[in-house]
Trainee: 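The structure that follows is given in the form of structure tokens.
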Amino acid sequence: MTPFRFIGDADTALGFRFGGVPGDVVATPQEALEAFQAALSDKALVVLVLTGPVAQWLAPQVTAHKLTASKPYIATVEDVWGRRGKTQTLEQLIYEAVGVKIIETK
């Protein structure tokens, strides 16, 4: 299993998959809750990335988990459409999620 996992919409999930991060595509709060509970049971998981809407749906559960200060650590990113409907690059999303910049070397 990979130490990273993503939960969010289909478009953003596709971008994370291209970056090697598997995840769950969810469209409802119930689907998000089920994916979140499954992710928490994965002992190999280190970082769980949620989109903003998913984090809002799961606010009580996310807060409760963060207060335990245990793995997986939860990172929240905007979805691929961003805050104002502008798309973000995969590099921007990965940097927001895990703090790693992808640079091209020539």
Side-chain angles (χ1 to χ4, degrees):
M1 294 298 281
T2 179
F4 299 98
R5 187 158 194 82
F6 170 82
I7 301 174
D9 63 275
D11 294 331
T12 309
L14 179 62
F16 272 90
R17 281 192 199 120
F18 282 136
V21 178
D24 298 296
V25 174
V26 297
T28 66
Q30 183 59 37
E31 289 176 352
L33 180 59
E34 291 168 6
F36 183 74
Q37 290 170 338
L40 293 184
S41 68
D42 180 357
K43 300 301 178 197
L45 188 60
V46 177
V47 177
L48 177 59
V49 180
L50 308 175
T51 59
V54 169
Q56 287 177 348
W57 289 340
L58 302 174
Q61 294 87 352
V62 168
T63 300
H65 180 74
K66 285 183 176 181
L67 290 174
T68 68
S70 61
K71 293 181 196 173
Y73 303 109
I74 298 175
T76 303
V77 298
E78 292 299 321
D79 59 20
V80 73
W81 304 111
R83 289 191 178 124
R84 293 180 192 90
K86 296 179 183 177
T87 60
Q88 294 179 291
T89 66
L90 176 60
E91 291 86 4
Q92 290 169 321
L93 290 170
I94 291 173
Y95 180 72
E96 286 180 21
V98 295
V100 175
K101 280 198 178 218
I102 298 174
I103 58 170
E104 181 179 341
T105 58
K106 294 184 181 185

Trainee: Which pairs would a plain distance check flag for residues 55-67, meaning a side-chain donor or acceptor within less than 3.5 Å of a matching protein atom at least two apart in sequence or in another chain?
Mentor:
{"residue": "T63", "atom": "OG1", "partner": "A59", "partner atom": "O", "Å": "3.0"}
{"residue": "H65", "atom": "NE2", "partner": "S70", "partner atom": "O", "Å": "3.2"}
{"residue": "H65", "atom": "NE2", "partner": "P72", "partner atom": "O", "Å": "2.8"}

Trainee: Are the side chains of F36 and V54 in touch, meaning some heavy atoms are under 4.5 Å apart?
Mentor: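 Answer no - side chains too far apart.
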Trainee: Hey, quick one: are V49 and I74 part of the same hydrophobic cluster, counting side-chain heavy atoms closer than 4.5 Å, chains of contacts allowed?
Mentor: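 The answer is no; the residues belong to distinct hydrophobic clusters.
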Trainee: Return the minimal non-hydrogen interatomic distance between A13 and V25, and the atom names on each side.
Mentor: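 Result for this residue pair: CB-CG2, 3.7 Å.
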Trainee: So which of L50, V21, D24 actually passes side-chain contact (heavy atoms from CB on, under 4.5 Å) with R5?
Mentor: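 It is D24; the other options fail the test.
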Trainee: From L40 CG over to K71 NZ, what is the distance, rounded to the nearest 0.5 angstrom?
Mentor: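 These two atoms lie 14.0 Å from each other.
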Trainee: Supply the atom-to-atom distance L14 CG to D9 CG, rounded to the nearest 0.5 angstrom.
Mentor: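 The distance works out to 10.0 Å.
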Trainee: To the closest 0.5 Å, what do you measure between CG (L48) and CZ (F4)?
Mentor: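 One gets 11.5 Å once the value is rounded to the nearest 0.5 Å.
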Trainee: Could you list all the ring-ring contact (aromatic ring centres under 6.0 Å, His included) pairs where at least one residue sits in residues 11-31, not counting sequence neighbours?
Mentor: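 Checked against ring-ring contact (aromatic ring centres under 6.0 Å, His included) - neighbours excluded - the pairs reaching residues 11-31 are F6-F16.
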Trainee: Side-chain heavy atoms under 4.5 angstrom apart, residues restricted to Ile, Leu, Val, Met, Phe, Trp, Tyr: same cluster for V77 and V26?
Mentor: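 V77 and V26: separate clusters.
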